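Quick caveat, the model's predicted, so the values are computed rather than measured.
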Amino acid sequence: MNNADLIRRDLDVLWHPCTQMKDHESNPPVPIKRGSGVWLEDYDGRQFIDAVSSWWVNLFGHANPRINARVREQMERLEHVILAGFSHEPVVELSERLVDLTPEGLTRAFYADNGSSAIEVALKMSFHYWLNRGQSQKTRFVALTGSYHGETLGALSVGHVPLYRETYGPLLLEAIHAPSPDCYHREAGEDCAEYAERQFAEMERILAENADEVCAVVVEPLVQCVGGMRMHDPVYLQRLREACDRYGIHLIADEIAVGFGRTGTMFACEQAGISPDFLCLSKGLTAGYLPLAVTLTTEDVYSAFYDDFDNLTAFLHSHSFTGNPLGCAAALATLDIFADDNVIEANRRKAQVMGDAMAPLNDHPKVAEVRQTGMILAAEMSPDPARRTAYPWQERRGLHVYRHGLENRALLRPLGNVVYLMPPYVITEEEIHHLARVATEGIDIATRD
């Protein structure tokens with residue numbers, strides 16, 4: 001088997017996600033044969049550092065021996081069982097550990113298969129809570145401009161990235177979108193906390209005027225990832241928690257991409273000192289091994305559904321592979337690594353190395369900003385950094401960075417004009433410096449007129 005053979009077979013039968021398939025006429029897919037640590041290897045023997053953690057899921061490297069062993073052991077005992085009316089040890093242990101690990105007050109775990117589904121669970125559960133509490137007029141949701149929460153219809157409704165949303169507009173719920181606290185748009189001399197406070201004024205107005213009909217606010221804490229790795233100050237989350245309490249509205253924290261150490265703490269909400277009513281997790285939950293998602297919520301929410309059967313208040317939502325034992329085993333191994341290896345502290349050093357390695361881009365004539373939150377670092381290309389204007393999306397500047405990366409042993413997948421690093425935590429300092437050099441070269445090439 002070689003790359004050419006597998007590419008030919010691939011293009012005969014596959015439809016790839018998030019892809020204009022005609023692009024593969026000039027940019028063929030890269031068939032991967034094996035992975036080890038941060039490295040991926042194709043069928044022709046080329047190797048690439050996985051700088052994007054394979055869509056932000058991989059935490060501890062490909063083919064991690066500790067996770068492999070835990071999943072293999074579980075596979076020999078029980079691969080799957082229905083979770084309605086049945087249970088198993090891995091899902092119970094995982095739920096106990098997540099309740100202990102997540103912000104205070106989250107006591108119940110409901111499982112799904114992927115991040116979008118976790119958001120769907122939270123949306124439905126919030127609406128259904130208010131219905132069970134006799135407030136049937138609460139039917140709407142508030143989210144931020146620039147947000148992304150997944151691509152199923154409910155999740156897409158609360159998202160606000162036009163590329164994904166506009167086509168399906170007629171099918172979506174009518175969510176309310178408040179201005180993002182995205183610090184990229186701050187005024188000269190204004191810091192991120194001041195900008196977040198200023199932006200919150202509109203959210204406060206929206207909640208005050210619509211409290212009677214709003215079920216919940218949905219937010220990506222600290223980093224709006226798909227929206228361009230845009231970052232905001234934790235004070236916004238503090239103000240939002242206070243306002244949701246004041247107006248009787250749920251707070252849904254979408255930590256699908258930013259949970260499990262990505263922002264420098266185990267969960268991003270910790271940096272604001274808040275606890276949401278719903279916490280949605282996936283991606284890093286299994287360190288990128290298997291599809292698994294969880295929506296954690298409070299005893300108050302759980303109690304609104306705890307009733308006699310004939311009152312029809314139960315939460316009738318399910319997925320075939322809910323609480324899959326193999327996925328739970330991978331998640332338990334992931335939590336063991338966090339517990340045993342002092343991962344968060346080690347990441348602080350690696351984050352500093354990432355920041356130092358990419359710091360020269362602050363002086364690049366076509367880079368408007370280099371920003372970082374924990375193990376997420378982004379550089380935004382701009383034709384006029386002083387004015388923070390954007391390159392037209394039709395120019396596809398990021399594609400040049402992607403191609404340059406593949407030619408130089410790096411998987412970089414920019415978001416439009418934003419080149420970012422979100423590598424597995426097992427990356428070495430030498431590998432970080434390699435990525436920084438390749439990313440900088442790619443930006444040089446992409447911004448040539």
Side-chain angles (χ1 to χ4, degrees), residues 67 70-103 105-134 136 150 152-155 215-216 250 252-256 259 276-287 289-336:
I67 304 174
R70 188 70 174 260
V71 173
R72 190 181 300 116
E73 178 188 5
Q74 181 61 44
M75 191 182 303
E76 296 297 329
R77 286 204 310 270
L78 176 67
E79 82 300 338
H80 187 61
V81 65
I82 184 174
L83 204 63
F86 284 73
S87 189
H88 53 85
E89 184 181 3
V91 77
V92 173
E93 182 183 351
L94 179 58
S95 302
E96 291 170 339
R97 292 179 67 176
L98 288 173
V99 166
D100 287 342
L101 197 61
T102 54
L106 298 170
T107 61
R108 298 287 172 169
F110 192 99
Y111 290 89
D113 303 334
N114 59 77
S116 296
S117 296
I119 295 294
E120 298 283 344
V121 167
L123 297 177
K124 289 178 65 177
M125 205 176 270
S126 176
F127 162 78
H128 201 162
Y129 168 93
W130 295 114
L131 185 66
N132 285 352
R133 293 294 194 214
S136 59
T152 50
L153 292 179
C215 299
H250 287 145
I252 301 172
D254 175 355
E255 292 217 25
I256 291 159
D277 300 291
F278 300 89
L279 178 65
C280 299
L281 303 171
S282 189
K283 291 190 184 289
L285 175 60
T286 66
Y289 261 68
L290 289 162
L292 187 69
V294 62
T295 302
L296 289 122
T297 191
T298 65
E299 207 65 18
D300 175 60
V301 171
Y302 177 77
S303 66
F305 296 83
Y306 197 89
D307 201 354
D308 294 329
F309 177 82
D310 54 7
N311 288 329
L312 299 179
T313 56
F315 188 59
L316 300 180
H317 182 102
S318 63
H319 297 269
S320 300
F321 287 92
T322 291
N324 173 255
L326 299 178
C328 291
L332 288 167
T334 298
L335 296 185
D336 286 344

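Scored by the ring pair (Phe, Tyr, Trp, His ring centres under 6.0 Å) test, F321 finds H80 as partners (sequence neighbours excluded). Applying the side chain to side chain donor-acceptor pair (under 3.5 Å) test to S318 and every residue at least two apart in sequence or in another chain returns nothing.
Contact between I119 and I256 at its shortest, heavy atoms only, is CG1-CD1, 3.8 Å. Residue V81 comes nearest to S87 through the heavy atom pair CG1-O, 4.4 Å, listed as atom of the first residue, atom of the second, then distance. Shown here for I252 and C280, the closest heavy-atom pair between the two residues is CG2-SG, 4.0 Å. Minimum heavy-atom separation, G154 to E120: N-OE2, 2.8 Å. When all heavy atoms are compared, the tightest approach of A109 to L296 is CB-CD2, 4.1 Å. Closest non-hydrogen pair, A118 versus T295, comes out as O-OG1, 2.9 Å.
Not a single donor-acceptor pair under 3.5 Å links the side chain of D308 to the backbone N or O of D310. Although no hydrogens or angles enter the test, the distance criterion places a donor-acceptor pair under 3.5 Å between the side chain of N324 and the main chain of E79.
With respect to R77 and E73, a salt bridge is recorded, a charged nitrogen being found less than 4.0 Å from a carboxylate O.
Residues L83 and H88 form a side-chain contact, since some pair of their non-hydrogen atoms from C-beta on lies under 4.5 Å apart. Two residues are said to be in side-chain contact when any heavy atoms from C-beta on lie closer than 4.5 Å; L292 and L94 meet this criterion. You'll find the side chain of L326 stays beyond 4.5 Å of the side chain of Y289, heavy atoms only. When side chains are defined from C-beta on, T322 counts as touching H319, because their heavy atoms get closer than 4.5 Å.
Applying the side chain to side chain contact (heavy atoms under 4.5 Å, CB included) test between Y129 and each of V301, T297, D277 identifies V301 as the sole match. Applying the side chain to side chain contact (heavy atoms under 4.5 Å, CB included) test between I67 and each of L332, L290, T334 identifies T334 as the sole match.
Other residues, nucleotides and ligands place more than 12 heavy atoms under 6.0 Å from the CD atom of E299.
Residue L123 holds its CG atom at 8.5 Å from SG of C215, rounded to the nearest 0.5 Å. The distance from the CG atom of D254 to the OG atom of S282 is 10.0 Å, given to the nearest 0.5 Å. To the nearest 0.5 angstrom, S303 atom OG is 4.5 Å from R133 atom CZ. Atoms CZ and CG, on R70 and L335 in that order, are 9.0 Å from each other to the nearest 0.5 Å.
Aromatic ring orientation, F305 versus H128: perpendicular (interplanar angle above 60°, classes split at 30° and 60°). Classified by interplanar angle (parallel below 30°, tilted 30° to 60°, perpendicular above 60°), the ring pair Y306/Y302 is tilted.
S95 and Y111 form a side-chain donor-acceptor contact under 3.5 Å, judged by distance and modelled atom types alone.
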- request: Could you go through the salt bridge (charged side-chain N to carboxylate O under 4.0 Å, His left out) check for R97 and E93 one step at a time?
  value: CA-CA 6 Å; R97 292 179 67 176; E93 182 183 351; 3.5 Å; yes
